[in-house]
Structures are given as structure tokens and as C-alpha cells.
Q: 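The structure that follows is given in the form of C-alpha cells.
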Amino acid sequence: MTRNQGNRSAMGVRIIAAGLLALSLSGCISLGGGGSKTAPELLTLTAAEAPAAGATASGKAAEAVLVLEPEADRRLAVLRIPVQVDDARVAYLKDVQWVERPARQFAHLLAETLRARGSRLVLEEGQNAGTPGVRLSGQLVEMGYDARSQSVVVRFDALRASASGDVASRRFEAVVPGVAPKTAQLGSALNRAANDVAKQVADWMAS
């Protein structure tokens with residue numbers, strides 16, 4: 001075998017190995033912006049604690065709690081599910097996405113959980129009928145999958161501001177370990193973690 005033939009053979013082996021590695025990674029995540037040709041499965045958040053049918057609440061706007069949609073960075077301000085591959089790389093799960101923005105869904109989940117905890121009037125963004133007694137806002141820092149630990153993570157920096165000018169902040173987090181990057185497991189784990197954080201926030205708001 002000549003030297004040129006040997007070089008071509010070695011190069012071919014490297015190309016085949018790289019192709020096999022790419023195929024093994026592409027089954028669950030996508031590093032690019034292109035989506036699957038098949039329709040994606042849709043995920044939504046459902047409140048574990050919610051008011052019973054027919055439940056009512058009333059009060060003055062000045063005594064109400066207004067829940068605002070939290071801020072989110074560009075990584076989370078999309079319908080796709082982020083995957084933290086390592087400290088520097090983020091990918092997105094293939095063939096699955098949120099039915100609407102995760103920050104908006106999380107705000108509704110917070111509002112439903114707060115309503116279920118008491119009779120205080122709880123309003124959501126767009127329902128404000130005056131100056132509320134308390135505003136609940138913040139930043140959705142994480143709501144996705146960590147490939148390194150095979151865990152779902154939801155992290156929320158809450159900001160509570162009263163009409164009198166008092167402001168308090170606190171970070172809340174829930175982690176569900178042992179989750180495979182499959183739609184059924186992922187959806188259930190994300191919903192469980194988001195509800196865990198919502199309950200923590202509700203307890204904090206009542207303190």
C-alpha cells in the first residue's frame with residue numbers, strides 16, 4: 001500500500017467514526033435551529049393545586065396579588081426545551097416543544113397555586129383593574145433538562161413588591177433526578193418540578 005493510499009484509508013475511518021458519533025447524538029437533541037419534519041409533541045404545565053369548580057374570590061384591587069409573567073433569557077424565551085450539555089453548550093430536544101412560552105405558563109401555574117391556597121383575590125397580567133396590593137414578578141432562570149446529571153431543573157428568582165414600596169426577593173429551585181430525555185418522562189418531571197417551585201413561592205407569599 002502506498003503512503004497516499006494509507007492516508008486516504010485513515011481519513012475514511014475518521015469520517016465514518018465522526019458520522020457514527022453524530023448519529024448517536026442526533027437521536028435526542030438538536031444543536032441547530034432546524035426542527036423535525038414530523039409534528040412535535042406538545043408539553044404544558046398543569047397546576048397540582050387549583051381552585052375547585054365554582055370557587056370565587058373577591059376583594060379590593062388594593063388588596064389583590066398581581067402575578068406578572070417572569071422575565072426569561074433568549075434560551076428560555078422559545079417554545080423548545082433546552083438541554084444543558086456542558087458548562088458552555090446548550091442544545092434543544094427534538095420532536096417536543098411547549099404549547100406556549102414556558103414563562104407565561106409558569107405565571108399561570110403560580111396564580112392557580114396562589115388561588116388554591118386562600119381566598120385572597122389573585123389577578124394575572126391583563127386582569128389588573130387598579131393598583132394591586134402586591135406584585136409577584138421575577139425571572140425564570142431555568143426550566144429544562146441537564147444532560148450531565150440526567151435531571152430536570154426549574155429555578156425561579158421571585159420578586160415580591162408591595163404597594164407601600166417594600167420589596168423582597170428569593171430564589172426557588174426544584175430538581176427531579178433520574179429522568180431520561182424522552183417526552184413522557186420529561187413532561188411529567190417538568191410539571192412536577194414547576195409545581196414544587198410554585199408551592200414554595202406560595203408558602204413564601206403567605207409568610
Q: Do Gln84 and Arg89 have side chains that approach each other closer than 4.5 Å (heavy atoms only, starting at C-beta)?
A: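 Contact flag for Gln84/Arg89 side chains = no.
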Q: Answer yes or no on whether Arg80 is positioned over the face of Trp98, meaning its NZ or CZ is under 6.0 Å from the six-membered ring centre and within 45° of the axis.
A: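 Output no; distance or angle outside limits.
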Q: Contact between Tyr145 and Pro82 at the side-chain level, heavy atoms closer than 4.5 Å - yes or no?
A: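 Side chain of Tyr145 against side chain of Pro82, heavy atoms only: no contact under 4.5 Å found.
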Q: Check residues 133-142 and write down every donor-acceptor pair under 3.5 Å in which the side-chain atom is one partner and the other belongs to a residue at least two apart or another chain.
A:
| from | atom 1 | to | atom 2 | distance (Å) |
| --- | --- | --- | --- | --- |
| Glu142 | OE1 | Arg75 | NH1 | 3.2 |
| Glu142 | OE2 | Arg75 | NH1 | 3.1 |

Q: Can you give me the closest heavy-atom contact between Ala193 and Ala174, atom names plus distance?
A: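 For Ala193 versus Ala174, the nearest heavy atoms are O-CB, 3.5 Å.
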Q: Residues in side-chain contact (heavy atoms from CB on, under 4.5 Å) with Ala163, at least two apart?
A: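 Expected list: none.
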Q: Salt bridge or not between Arg117 and Asp203? Use side-chain N to carboxylate O under 4.0 Å.
A: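 Answer for the salt bridge query: yes.
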Q: Mind checking what makes side chain to side chain donor-acceptor pair (under 3.5 Å) contact with Asp73, not counting sequence neighbours?
A: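 Listed in chain order: nothing, the list is empty.
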Q: Any non-hydrogen side-chain atom of Pro181 less than 4.5 Å from a side-chain atom of Leu93?
A: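 In contact.
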Q: Could you check whether any side-chain N or O of Arg120 sits under 3.5 Å from a backbone N or O of Glu63, counting only pairs where one atom can act as donor and the other as acceptor?
A: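 Side chain of Arg120 to backbone of Glu63, a donor-acceptor pair under 3.5 Å: yes, one is there.
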Q: Rounded to the nearest 0.5 Å, how far apart are CZ of Arg155 and CG of Asp157?
A: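 Rounded to the nearest 0.5 Å, the CZ-CG separation comes out at 8.5 Å.
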Q: Are Arg115 and Glu112 close enough for a salt bridge, meaning some N to O gap below 4.0 Å?
A: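 Result for this pair is yes, salt bridge flagged.
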Q: Does a sphere of radius 6.0 Å around CD in Glu173 hold more than 12 heavy atoms from other residues, nucleotides or ligands, not counting ones at 6.0 Å or beyond?
A: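 Count over threshold, so yes.
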Q: Between Tyr92 (side chain) and Leu79 (backbone), is there a donor-acceptor pair under 3.5 Å?
A: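 Between the backbone of Leu79 and the side chain of Tyr92 there is no qualifying donor-acceptor contact (under 3.5 Å).
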Q: Quick one: closest heavy-atom pair of Ala50 and Ala47, and the distance?
A: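 For Ala50 versus Ala47, the nearest heavy atoms are CB-CB, 4.3 Å.
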Q: How close do Ala194 and Val154 get, heavy atom to heavy atom, and via which atoms?
A: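 Result for this residue pair: N-CG2, 3.9 Å.
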Q: Any side-chain donor-acceptor pair under 3.5 Å between Gln150 and Asp146?
A: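 Result is no, nothing qualifies.
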Q: Is there a continuous path of hydrophobic side-chain contacts, each under 4.5 Å between heavy atoms, that joins Val153 to Ile81?
A: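 Val153 does not cluster with Ile81.
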Q: How would you list, by chain and number, every residue that makes a side-chain contact (heavy atoms from CB on, under 4.5 Å) with Thr183, sequence neighbours excluded?
A: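 By the side-chain contact (heavy atoms from CB on, under 4.5 Å) rule, Thr183 matches Glu41, Leu43, Val96.
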Q: Just wondering, do Arg160 and Trp204 contact through their side chains at under 4.5 Å, heavy atoms?
A: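 When only atoms from C-beta onward are counted, Arg160 and Trp204 do touch, with a gap below 4.5 Å.
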Q: Are the side chains of Asp87 and Arg148 in touch, meaning some heavy atoms are under 4.5 Å apart?
A: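 The answer is yes; the side chains approach within 4.5 Å.
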Q: Using the side chain to side chain contact (heavy atoms under 4.5 Å, CB included) rule, take Val67 and Glu125 through it: C-alpha gap first, then chi angles, then the decisive distance, then the call.
A: CA-CA 6 Å; Val67 179; Glu125 202 162 356; over 6 Å; no
Q: Grab the two heavy atoms, one from Asn195 and one from Ala48, that are nearest each other, plus how far apart they are.
A: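 Looks like OD1-N, 2.6 Å.
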Q: Is Asp196 paired with Lys199 through a side-chain N to carboxylate O contact shorter than 4.0 Å?
A: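 No, this pair does not count.
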Q: Once side-chain contact (heavy atoms from CB on, under 4.5 Å) is applied, do any residues pair with Ala64, and if so which ones, sequence neighbours excluded?
A: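 For Ala64 the side-chain contact (heavy atoms from CB on, under 4.5 Å) partners, ignoring immediate neighbours, are Leu121, Leu123.
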Q: Looking only at heavy atoms, which two atoms of Gly178 and Ser151 are closest? And how far apart?
A: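 Closest approach of Gly178 to Ser151: N-OG, 4.4 Å.
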Q: Judged by atom type as modelled, is there a donor-acceptor pair below 3.5 Å linking the side chain of Ser188 to the main-chain atoms of Leu186?
A: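 Flag not set: sc Ser188 to bb Leu186 has no pair under 3.5 Å.
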Q: For residues 102-111, which side-chain donor-acceptor pairs fall under 3.5 Å, sequence neighbours excluded?
A:
| from | atom 1 | to | atom 2 | distance (Å) |
| --- | --- | --- | --- | --- |
| Gln105 | OE1 | Thr44 | OG1 | 2.9 |
| Gln105 | OE1 | Leu45 | N | 2.8 |
| Gln105 | NE2 | Glu100 | O | 3.0 |
| His108 | ND1 | Glu124 | OE1 | 3.2 |
| His108 | ND1 | Glu124 | OE2 | 3.1 |

